[in-house]
Amino acid sequence: MTYHAPVKQLRFALDAIATLRRLYGNPAYGELSHDLVDAVLEEAGRFASEVIAPLNRTADKEGARLENGRIMLPAGFEAAYKSFVANGWNAITGPVEFGGQAMPHALGIAVQEMWQSASMAFGLCPLLSQGAIEALTAHGTPEQQQLYLPKLVSGAWTGTMNLTEPHAGSDVGALKSKAVKQVGGSYKITGTKIFITWGEHDAAENIIHLVLARLPEAPPGTRGISLFLVPRFLVNPDGSLGARNDVRCVGLEHKLGIHGSPTCVMSFGDNGGATGFLIGHENKGMSAMFTMMNAARLNIGVQGVAIAERSFQQALAYARERRQGKPFGLQHEVLEMSPIIFHADVRRMLLTQKAIAEAGRAICLANAIAIDLARHGETPAERAEAKAREELLTPISKGWSTDMGVEAASLGLQVHGGMGYIEETGAAQHYRDARITPIYEGTNGIQAIDLIGRKLSLEGGETIRRFLAEIAGTAALCEHAKRDDMKSIGRELTRALKATESATAWLQQTMRTSPTQALPGATPYLRMLGHVTGAHYLACGALVAAERLAKHDRDTKFLETRIAVAQFFAEQLLPQAEGLLGPVTRGAGGPFNLTADDIGA
């Protein structure tokens with residue numbers, strides 16, 4: 001059950017794959033250096049492993065509770081959060097002008113992975129606050145920023161996203177929460193929101209709710225949505241806390257996993273209306289919402305990586321200790337039962353988990369670097385290209401990493417055998433916790449539709465063309481390498497890339513002429529492109545590892561492992577991409593061969 005933060009692997013992924021060094025010397029990041037990055041990773045790893053991780057299992061058993069209108073957090077959560085804030089971890093990527101440390105987003109994502117691996121239920125609190133910070137930074141007035149951001153950045157106050165309503169689900173345009181403008185410029189908010197993560201608790205002084213609502217004369221659908229800031233306690237002009245606002249938690253969701261995280265039903269305006277303040281412009285809440293959602297989608301992708309890593313670590317420890325059977329072919333030579341790690345199928349499952357974690361980590365960090373360069377690249381052209389890459393990678397980070405995180409957690413349970421199905425081992429918790437990640441912050445079906453409906457057409461298709469050309473270059477470098485394992489990576493990547501290019505061209509054309517024929521292929525395409533993207537980034541890391549080995553780097557074991565993991569992914573997982581070409585391009589025939597009435601016959 002012990003968690004060891006994978007600091008060395010994170011450092012390698014940041015350096016060799018995401019190329020964080022491109023940000024060294026950038027004025028936006030001050031004194032950022034290799035040594036500073038190392039220090040941050042080491043200390044974050046210690047905090048995650050020693051302070052947060054020990055709470056994970058007990059929080060799952062105890063859960064959050066609603067008693068007399070108050071949320072009771074699991075034992076240790078409140079103290080751990082206060083220590084988290086006191087040590088400055090909430091402020092690591094925050095703007096300097098509001099008390100933040102202005103570290104790169106990529107470093108923040110690396111640290112975020114450790115929080116989520118240590119305890120996903122705990123890590124959700126600062127994750128949601130980051131979305132509120134992003135939205136206020138991009139869309140808040142100077143007065144709102146001065147009043148709310150310093151406390152949000154420090155973590156003294158936490159933030160939430162209040163989007164979902166019982167009748168609407170993912171159809172945000174169907175929301176019914178109301179906002180009525182008041183004399184003086186504030187608004188009265190009424191309505192009910194569900195699935196509000198950390199919507200109520202006492203670990204922080206105040207909670208800043210960002211709430212989607214509709215004005216009385218607003219246009220229908222998403223065109224008539226506005227975003228409002230609704231604090232739990234009203235804030236005086238000097239920053240001190242005033243009266244309790246008309247917002248409260250009226251219920252806790254009873255969930256499959258993440259039991260330690262209070263997922264609340266929030267009621268606004270039971271006593272006349274909660275006081276809220278407009279963020280951005282009336283009826284323009286969707287743009288502000290997407291600022292929050294895009295930040296959250298990458299963070300949720302990181303959760304998929306984090307669960308894969310945590311489940312892998314536990315499965316590996318169990319496989320080294322659990323003795324059962326004898327290795328095939330050595331039954332007569334070996335007298336005692338062997339640790340199950342010597343069995344071929346157990347080894348396959350462990351390497352699959354490891355490859356999934358490392359590929360997802362690489363994708364998410366590359367996405368984060370694109371965000372950093374989109375904001376602070378040296379030239380307009382660099383910033384524009386990075387922004388396009390960020391847009392392309394976001395649905396892959398969220399969709400692929402979380403789908404595969406669930407698969408990795410399932411494999412972790414399988415490694416434990418029957419004991420994995422017994423709660424006392426803790427393996428089942430990872431699977432239960434992971435299962436929400438493909439659902440919230442936009443289901444993965446929505447991510448897939450976004451990928452083929454918006455991202456493949458960015459810059460008239462030039463964004464995806466550039467990316468696939470980059471992958472082809474990586475494959476060529478591998479194929480021309482001296483090592484046989486690198487050549488194999490290159491060959492497999494080239495084969496998968498050809499299928500992906502065909503699928504991409506078909507989707508681009510079909511989305512223009514007959515979207516209903518293209519949409520059933522969206523989810524298999526996301527999986528296909530995710531596999532190819534993961535293989536590409538692991539191959540980039542393998543190329544760096546091979547180069548360092550050729551220069552007689554002494555860290556032989558670590559570097560050889562990076563190549564072996566990339567080879568395993570390319571040879572064992574990547575071939576699935578070719579098999580997905582048919583499901584991507586067969587059109588609507590399969591899903592719509594039966595009518596809605598006949599499908600249950």
A.B. asks: Looking at residues at least two apart in the chain, or sitting in another chain, which of them share a salt bridge (charged side-chain N to carboxylate O under 4.0 Å, His left out) with Arg432?
C.D. replies: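 In terms of salt bridge (charged side-chain N to carboxylate O under 4.0 Å, His left out), with neighbours along the sequence ignored, Arg432 is linked to Asp60, Glu423.
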
A.B. asks: To the closest 0.5 Å, what do you measure between SG (Cys264) and CZ (Phe195)?
C.D. replies: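 The distance works out to 12.5 Å.
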
A.B. asks: Are more than 12 heavy atoms, taken from residues, nucleotides or ligands other than Glu217, located less than 6.0 Å from that residue's CD atom?
C.D. replies: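 Counting other residues, nucleotides and ligands, CD of Glu217 stays at 12 neighbours or fewer.
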
A.B. asks: As a test of understanding, state which of Arg70, Arg248, Arg244 forms a salt bridge (Lys or Arg N to Asp or Glu O under 4.0 Å) with Glu200.
C.D. replies: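 Going through Arg70, Arg248, Arg244 one by one, the salt bridge (Lys or Arg N to Asp or Glu O under 4.0 Å) with Glu200 is satisfied by Arg244 alone.
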
A.B. asks: Does any pair with a residue in residues 174-184 pass side-chain hydrogen bond (donor to acceptor under 3.5 Å, both in side chains), and if so which ones, sequence neighbours excluded?
C.D. replies: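 Listed once each, the pairs are Glu165-Ser177.
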
A.B. asks: Mind checking what makes side-chain hydrogen bond (donor to acceptor under 3.5 Å, both in side chains) contact with Asn26, not counting sequence neighbours?
C.D. replies: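 Asn26: no side-chain hydrogen bond (donor to acceptor under 3.5 Å, both in side chains) contacts found.
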
A.B. asks: Tell me whether the rings of Trp115 and Phe47 are parallel (<30°), tilted (30 to 60°) or perpendicular (>60°).
C.D. replies: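 Ring orientation of Trp115 relative to Phe47: perpendicular.
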
A.B. asks: Counting only heavy atoms not in Glu378, do more than 12 sit closer than 6.0 Å to its CD atom?
C.D. replies: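 Check fails, neighbour count at 12 or below.
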
A.B. asks: Using modelled atom types and a 3.5 Å cut-off, is there a donor and acceptor pairing between side-chain atoms of Thr437 and backbone atoms of Ala434?
C.D. replies: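 Yes; at least one donor-acceptor contact below 3.5 Å.
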
A.B. asks: Will you find, in the side chains of Gln130 and Glu134, an N or O donor that is under 3.5 Å from an N or O acceptor?
C.D. replies: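 There is no such pair between these side chains.
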
A.B. asks: Ignoring hydrogens and angles, state whether a donor on the side chain of Thr463 or Lys455 is under 3.5 Å from an acceptor on the partner side chain.
C.D. replies: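 Their side chains do not contain a donor-acceptor pair, so the 3.5 Å distance test is not met.
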
A.B. asks: When you compare the side chains of Thr533 and Trp400, does any donor N or O come within less than 3.5 Å of an acceptor on the partner?
C.D. replies: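 Side-chain D/A pair, Thr533 to Trp400: absent.
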
A.B. asks: Is the number of heavy atoms from other residues, nucleotides or ligands under 6.0 Å of Tyr431 OH greater than 12?
C.D. replies: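 For Tyr431, atom OH is not crowded (no more than 12 foreign heavy atoms under 6.0 Å).
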
A.B. asks: Can you confirm whether more than 12 heavy atoms, excluding those of Lys255, are under 6.0 Å from its NZ atom?
C.D. replies: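 Enclosed: over 12 neighbouring heavy atoms sit under 6.0 Å from NZ of Lys255.
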
A.B. asks: Looking only at the side chains, is there a donor atom on one of His209 and Thr160 sitting less than 3.5 Å from an acceptor on the other?
C.D. replies: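 Per modelled atom types, His209 and Thr160 side chains form a pair under 3.5 Å.
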
A.B. asks: Does atom CZ of Arg454 have more than 12 heavy-atom neighbours from other groups under 6.0 Å away?
C.D. replies: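 12 or below, so no.
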
A.B. asks: Counting distance only, does the side-chain N/O of Glu253 pair as donor-acceptor with the main-chain N or O of Val265 below 3.5 Å?
C.D. replies: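 No; judged by distance alone, with no hydrogens or angles, the pair does not exist.
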
A.B. asks: Are any of the side-chain nitrogens in Glu205 or Lys82 under 4.0 Å away from the carboxylate oxygens of its partner?
C.D. replies: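 No salt bridge links Glu205 with Lys82.
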
A.B. asks: Please check: side-chain N/O of Ser287 versus main-chain N/O of Lys284, any donor-acceptor pairing under 3.5 Å?
C.D. replies: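 The answer is yes, because a donor-acceptor pair under 3.5 Å joins these two groups.
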
A.B. asks: I'd like to know if the side chain of His201 pairs up with that of Thr158 as donor and acceptor (distance under 3.5 Å, no hydrogens or angles considered).
C.D. replies: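 Short answer, yes.
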
A.B. asks: Pairing donors with acceptors under 3.5 angstrom, does anything connect the side chains of Tyr148 and Glu143?
C.D. replies: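 On atom types as modelled, these side chains do not qualify, holding no pair under 3.5 Å.
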
A.B. asks: Does the Glu459 side chain pair with the main chain of Ile464, one donor and one acceptor, at a distance under 3.5 Å?
C.D. replies: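 Not confirmed, Glu459 side chain does not pair with Ile464 backbone.
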
A.B. asks: Just by distance, do the side chain of Asn245 and the backbone of Thr275 share a donor-acceptor pair under 3.5 Å?
C.D. replies: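 It does hold such a pair.
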
A.B. asks: For Lys61, does the NZ atom have more than 12 heavy-atom neighbours from other residues, nucleotides or ligands under 6.0 Å away?
C.D. replies: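 No, not enclosed.
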
A.B. asks: Does the pair Glu282/Arg223 count as a salt bridge with the N-to-O cut at 4.0 Å?
C.D. replies: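 Looking at Glu282 and Arg223, the cut-off is not met.
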
A.B. asks: Decide if atom CG of Asp238 counts as having more than 12 heavy atoms of other residues, nucleotides or ligands within a radius under 6.0 Å.
C.D. replies: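 More than 12 heavy atoms, drawn from other residues, nucleotides or ligands, come within 6.0 Å of this atom.
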
A.B. asks: Check whether any side-chain N or O of Tyr81 sits under 3.5 Å from a backbone N or O of Gly155 as a donor-acceptor pair, and report yes or no.
C.D. replies: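 Here the side-chain-to-backbone pair exists.
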
A.B. asks: Would you say the side-chain atoms of Asn206 pair up with the backbone N or O of Trp157, donor to acceptor, closer than 3.5 Å?
C.D. replies: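 Side chain of Asn206 to backbone of Trp157: no pair is present.
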
A.B. asks: Under a 3.5 Å distance rule, please check whether Arg435 uses its side chain to pair with a backbone N or O of His430 as donor and acceptor.
C.D. replies: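 No, the answer is negative, given that no donor and acceptor are paired below the 3.5 Å cut-off.
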
A.B. asks: Hey, could you give me the CD1/OG1 distance between Ile449 and Thr443, rounded to the nearest 0.5 Å?
C.D. replies: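 Taking CD1 in Ile449 and OG1 in Thr443, the distance rounds to 7.5 Å.
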
A.B. asks: As an exercise, state the distance from CD of Gln112 to OG of Ser117, rounded to the nearest 0.5 Å.
C.D. replies: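 Gln112 CD to Ser117 OG: 10.5 Å, rounded to 0.5 Å.
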
A.B. asks: I need the Met293 CE to Met286 CE distance, nearest 0.5 Å.
C.D. replies: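 Rounded to the nearest 0.5 Å, the CE-CE separation comes out at 8.5 Å.
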
A.B. asks: I'd like to know if the side chain of Thr394 pairs up with that of Asn294 as donor and acceptor (distance under 3.5 Å, no hydrogens or angles considered).
C.D. replies: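 Their side chains do not contain a donor-acceptor pair, so the 3.5 Å distance test is not met.
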
A.B. asks: Compute whether any side-chain donor of one residue and acceptor of the other, for Lys398 and Asn444, lie under 3.5 angstrom apart.
C.D. replies: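 Per modelled atom types, Lys398 and Asn444 side chains form a pair under 3.5 Å.
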
A.B. asks: Can a donor-acceptor pair be found, under 3.5 Å and without considering hydrogens, that links the side chain of Ser49 to the backbone of Arg46?
C.D. replies: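 No: the side chain of Ser49 does not pair with the backbone of Arg46.
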
A.B. asks: Do we see a donor-acceptor contact under 3.5 Å between the side chains of His139 and Thr291?
C.D. replies: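 Their side chains do contain a donor-acceptor pair, which is all the 3.5 Å distance test asks for.
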
A.B. asks: What I want to check is whether the side chains of Tyr29 and Asp372 have a donor and an acceptor closer together than 3.5 Å.
C.D. replies: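 Yes, a side-chain donor-acceptor pair sits under 3.5 Å.
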
A.B. asks: Could you check whether any side-chain N or O of Arg65 sits under 3.5 Å from a backbone N or O of Met72, counting only pairs where one atom can act as donor and the other as acceptor?
C.D. replies: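 A pair under 3.5 Å: no.
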
A.B. asks: Supply the atom-to-atom distance Leu152 CG to Asn90 CG, rounded to the nearest 0.5 angstrom.
C.D. replies: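 If we round to the nearest 0.5 Å, Leu152:CG and Asn90:CG are 8.5 Å apart.
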
A.B. asks: Is there a ring-ring contact (aromatic ring centres under 6.0 Å, His included) between Phe228 and Phe277 once you walk through the steps?
C.D. replies: CA-CA 5 Å; Phe228 299 91; Phe277 305 93; 9.5 Å; no

